[in-house]
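For reference, the structure discussed in these notes is given below.
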Amino acid sequence: MSTELKTGAASAVDLPRLNRSLRAAPKAPVRIVHLGLGAFHRSHQAWYTHQAGDAADWGIASFTGRRPDAALALAEQDGLFTVVERADGGDSFTVVGSIVEAVDGADVQRLAELVAAPGTAVVTLTITEAAYRLGADGELDRTASDVVADLALLGSGSGSPTTPLGRLVFALAARRAAGAGPLAVVCCDNLSHNGRVAHNAVVGLAGAWDEGLAEWIDTTISFVSTSVDRITPRTTEADLAAVEAGCGYRDSSPVVAEPFSNWVLSGDFPAGRPRWEGAGAVFVSDIEPYENRKLWLLNGAHSLLAYAGQLRGHTTVAQALTDPLCLKAVEMFWDEAEANLAGAGGHAADLQIPAYRAALLARFSNARIAHHLAQIAMDGSTKLRMRAVPVLQAERSAGRSGAAAALMIAAWMDYGAAAAEFHDPLADEVAAANRLSGTERIRALLGLVDPALAGDAAVVQLIEDLCGTFAEPAVSP
Ligand code: CS2
């Protein structure tokens, strides 16, 4: 196994911990505020910013979501952390210095202060698909309990909002009050039209609190759409040990990712941005074909493997892909997705789908990346709306069955009935639907994902027939 340190920091070898002496240059000023300080943010946006040619001008203040832990751990090492690029042939290590401030997300005053600062030009988001609180109709669900609670807090001024969107709206109100002008909000969550979704969710929430603020956001703030890609499993104790062995220091917050990364962006940056293209990011005028290619082919296959794979007794993506039944399901789903990616926009964008599929197989098969299916399985009701439903709808509009996309939904239903732990914003509704039986149960579950599809008796029947496909375990328990 090859081990390569890319920091130019060979002196690190004697250091007991990753610390500020590893900073190659003085800290950059905060010009980016991030919500969602997790592993993916660190392996992606922070990594791109670190590699951009003008990294010295662009520091990130990164806020956690529900818990302060990641911010506390990172602050202890001055925001520095190691990105471990894990290839089939070995690891390489990069110390990333772009996060100059790591903050507990509950510190909403600090968030407001930084978002209101004139130097802040960009707000990036990795708050998870489910956090946009979209209903099955694609609009902000104003009845969701945490949305209701945040609106009450915002309205009464009696406390700080607790959801990422509530916090962002609060901070944008501070920017408006400070007269600090426009900035770009860059959504980095795996959603179709994610810039539009972020816009609708933020403006929707703001409007339910203060119409004037909603109008100001609508006319002043730019919402940039992006397609983000880098497989980044949760960090484990073994990863900490690998960094210690490879680099000679102890890092409490390394992140392990595949060598591949991709970032496609579309939209305006009225107050400027880092030269992310220097690190390989691509700016396009029409993002939809890229977005669909990634959401359907990569994320769609991931969700299919997450449910089918676990039903068959597998734990990781790489393991599930060695199972012929799972692989066949993925290939069939890719065929359906591909047939609907090659429209006018997709053709013009030259999506190179055969090469993309081949690359995905290689990426998924990287057995050194232990990407746990249970992690991908979370929040399925939201994810399937982006990953399975559009392909199923497109197939049916073309007069075909959409059986492979329907199989993903059937596998989710089977998994939901069998899983010991089921994380989903609609977990209670799923449990209630699971108390029904037969066709009624299938219709109720499908209604949580897409009410229109649930009204189509042929689709309900198709899914019912496909349930049980992965019932037979591939491996003995
Ligand atoms: C995965 C993604 O957990 C999931 O739902 O499909 O996190 C996936 O690994 C990333 O989008 C890869 O870029």
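Computed from a predicted structure; not experimentally measured. Just follow the structure's listing: the first ligand is 1, and inside any ligand the first atom is 1.
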Which ligand 1 atoms does [X] reach within 4.0 Å, using its non-hydrogen atoms?
| X | result |
| --- | --- |
| His302 | 1 (C), 6 (O), 8 (C), 9 (O) |
| Arg230 | 12 (C), 13 (O) |
| Asn190 | 2 (C), 11 (O) |
| Lys383 | 3 (O), 4 (C), 5 (O) |

Is the closest side-chain donor-acceptor distance between [X] and [Y] under 3.5 Å?
| X | Y | result |
| --- | --- | --- |
| His44 | Ser261 | no |
| Thr382 | Tyr132 | no |
| Ser43 | Thr232 | yes |

Show, in sequence, the C-alpha distance, side-chain angles and deciding distance for Asp229 and Tyr290, and conclude whether the side-chain contact (heavy atoms from CB on, under 4.5 Å) test is met. CA-CA 11 Å; Asp229 194 3; Tyr290 300 96; over 6 Å; no

Using a plain distance cutoff, I'd like to know if Glu129 has any nitrogen or oxygen under 3.5 Å from a nitrogen or oxygen of ligand 1.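 No, since none of the N or O atoms of Glu129 sits under 3.5 Å from an N or O of ligand 1.
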
Would Thr232 count as a polar contact of ligand 1, with the cut-off being nitrogen or oxygen pairs under 3.5 Å?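 N/O-N/O distance under 3.5 Å: no.
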
Can you tell which of Tyr415, Phe470, Phe422 makes a ring pair (Phe, Tyr, Trp, His ring centres under 6.0 Å) with Tyr307? Tyr415

So which protein heavy atom does [atom] come closest to, and at what separation?
| atom | value |
| --- | --- |
| atom 11 (O) of ligand 1 | Lys294 NZ, 2.6 Å |
| atom 2 (C) of ligand 1 | Asn299 ND2, 3.5 Å |
| atom 12 (C) of ligand 1 | Asp229 OD1, 3.4 Å |

Is there a ring pair (Phe, Tyr, Trp, His ring centres under 6.0 Å) between His371 and Phe364 once you walk through the steps? CA-CA 9 Å; His371 199 185; Phe364 288 173; 8.4 Å; no

Starting at OH of Tyr356, measure out to CG of Leu351 and round the result to the nearest 0.5 Å. 9.5 Å

CA sep, side-chain torsions, deciding dist, call: Arg357, Glu338, salt bridge (Lys or Arg N to Asp or Glu O under 4.0 Å): CA-CA 10 Å; Arg357 283 173 60 159; Glu338 181 171 347; 2.8 Å; yes

Between ligand 1 and Arg387, can you find any atom pair, the residue atom being a heavy atom, that is separated by under 4.0 Å? yes

Check contact between His371 and ligand 1, using heavy atoms of the residue and a distance below 4.0 angstrom.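 The answer is yes, since His371 has a heavy atom less than 4.0 Å from ligand 1.
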
